[in-house]
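What's counted below: heavy atoms across the whole structure, side chains too, no hydrogens, waters or symmetry copies. We number each residue from 1, following the sequence as shown. Both ligands and their constituent atoms are indexed starting at 1 by order of listing.
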Amino acid sequence: MLTDADVPGVWQRLGLPGILDVHVHFMPDPVMRKVWAYFDDVAHYGRPWPITYREGEADRLERLRELGVARFPSLLYPHKPDMAAWLNDWAAGFAAEVPQVWRTFTFFPEPTAVDYVTAALDGGAQIAKAHLQVGGYDPREPLLDEVWGRCADAGVPVVTHCGDGPVPGTFTGVGPIGEVLQRHPSLTLVVAHLGMPRYGEFLDLAERYDRVHLDTTMAFTDFVEAGSPFPPADRSRLLDLGDRIVFGSDFPNIPHPYAHQLEAVLRLDLGDAWLRDVLWHNASRLLPVGQ
Ligand SMILES: [Zn+2]
């Protein structure tokens, strides 16, 4: 079993400068505490979801440094109106303080969305998060059409929780986000969690649109394999789409050590070249990696 102390040895063996992790959460403290309380309530996911890295912000940053996670975002997302602009301001401040952080932004279907998204992009925001299950909104919502368009034009990756796992939302699944892609085929969509549990349908989407990527977050781990196993028949498609899979962990809100996510990807046994792409090169084409 791989431990966190073994993680640097993995990327060093591959000759990489570290790991690029596109799916990491940092949030204002009160928001993070609410997220943790949500995970603590067994009713939400039907089984315990113990958070491994329930620590102060400085400790969490230090963990990532020790693991060798060279760059990461501070993904955050609103569950109601009048929240996204405030989260974006916080994320800008956080990125200014922590050089390893990709400046992150988010949005919600509301009349002010185009303005604050434009402001974020003009200010240098690099990566967005959209959470269709927690946000409970329809991505086809007309108030978001221009937002998707701006993101597509800017070429920023939009990490989107659009799959039905761990619990479906009204607008999750490949249908609604697929229609967004029909309107904005150049959108750099990063399907969070590899679209679990309907992995195949989201791999189809990546085959159809060459700017669609998928992140590994929680996929292939013991926790997820127990309930939503990745279909062995689709394994070769991970190799075929090897330039579109990006490493993500969901740190710190994970029910296992960071090393287990890495181990889960390693044990797919898809080869070192594939690993180098997934752990570094693919994300490095979407986001800046200079120090
Ligand atoms: Zn997440």
Side-chain angles (χ1 to χ4, degrees), residues 19-29 31-41 44-45 47 49-55 57 60-61 63-64 67 69 71-79 83-84 87-88 90-91 94 101-108 126-137 139 156-169 171-172 177 189-197 199 202 213-221 223-224 227-228 245-258 260-262 264-265 278 283 286-287:
I19 292 173
L20 299 177
D21 186 336
V22 303
H23 199 130
V24 166
H25 297 285
F26 279 90
M27 302 174 180
D29 241 27
V31 180
M32 193 59 119
R33 266 196 290 273
K34 274 187 194 147
V35 169
W36 287 344
Y38 189 87
F39 280 102
D40 285 344
D41 186 342
H44 285 128
Y45 296 117
R47 60 177 164 157
W49 190 306
I51 290 170
T52 307
Y53 301 99
R54 190 187 300 247
E55 304 168 322
E57 191 176 279
R60 278 178 271 131
L61 286 168
R63 293 270 192 181
L64 292 174
L67 292 160
V69 180
R71 300 295 299 263
F72 51 90
S74 62
L75 300 185
L76 20 68
Y77 43 87
H79 61 279
M83 191 179 174
L87 291 172
N88 293 349
W90 181 89
F94 188 64
V101 169
W102 286 311
R103 183 172 158 184
T104 311
F105 67 106
T106 189
F107 47 82
F108 195 81
Q126 296 160 315
I127 180 169
K129 167 78 174 195
H131 202 310
L132 303 187
Q133 188 244 321
V134 169
Y137 59 82
V156 297
V158 185
V159 179
T160 305
H161 187 121
C162 47
D164 289 335
V167 284
F171 304 105
T172 56
I177 198 68
L189 181 77
V190 178
V191 176
H193 310 291
L194 234 109
M196 72 179 58
Y199 308 95
F202 285 95
H213 294 64
L214 305 109
D215 82 33
T216 64
T217 307
M218 296 290 296
F220 320 118
T221 62
F223 189 83
V224 162
S228 308
I245 316 276
V246 288
F247 187 77
S249 68
D250 236 350
F251 178 91
N253 306 330
I254 41 179
H256 43 238
Y258 193 94
H260 180 61
Q261 178 70 63
L262 182 60
V265 168
V278 170
L286 302 181
L287 289 150

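The aromatic rings of His25 and His23 lie perpendicular to each other, with more than 60° between the two planes, well past the 30° mark.
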Subject >> Tyr53/Tyr258 under ring pair (Phe, Tyr, Trp, His ring centres under 6.0 Å): CA gap, chis, key distance, verdict >> reply: CA-CA 9 Å; Tyr53 301 99; Tyr258 193 94; 7.4 Å; no
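With 2.8 Å as the limit, His23 counts as an N, O or S neighbour of the Zn ion (ligand 1). With a cut-off of 2.8 Å, the Zn ion (ligand 1) has an N, O or S atom of His25 in range.
The Zn ion (ligand 1) is closest to atom OD1 of Asp250 (considering only N, O or S atoms).
A donor-acceptor pair is defined here as one N or O able to donate and one able to accept, closer than 3.5 Å; such a pair exists between the side chain of Thr104 and the backbone of Trp102.
Defined by atom type and a distance below 3.5 Å, a donor-acceptor pair is missing between the side-chain atoms of Thr217 and Asp250.
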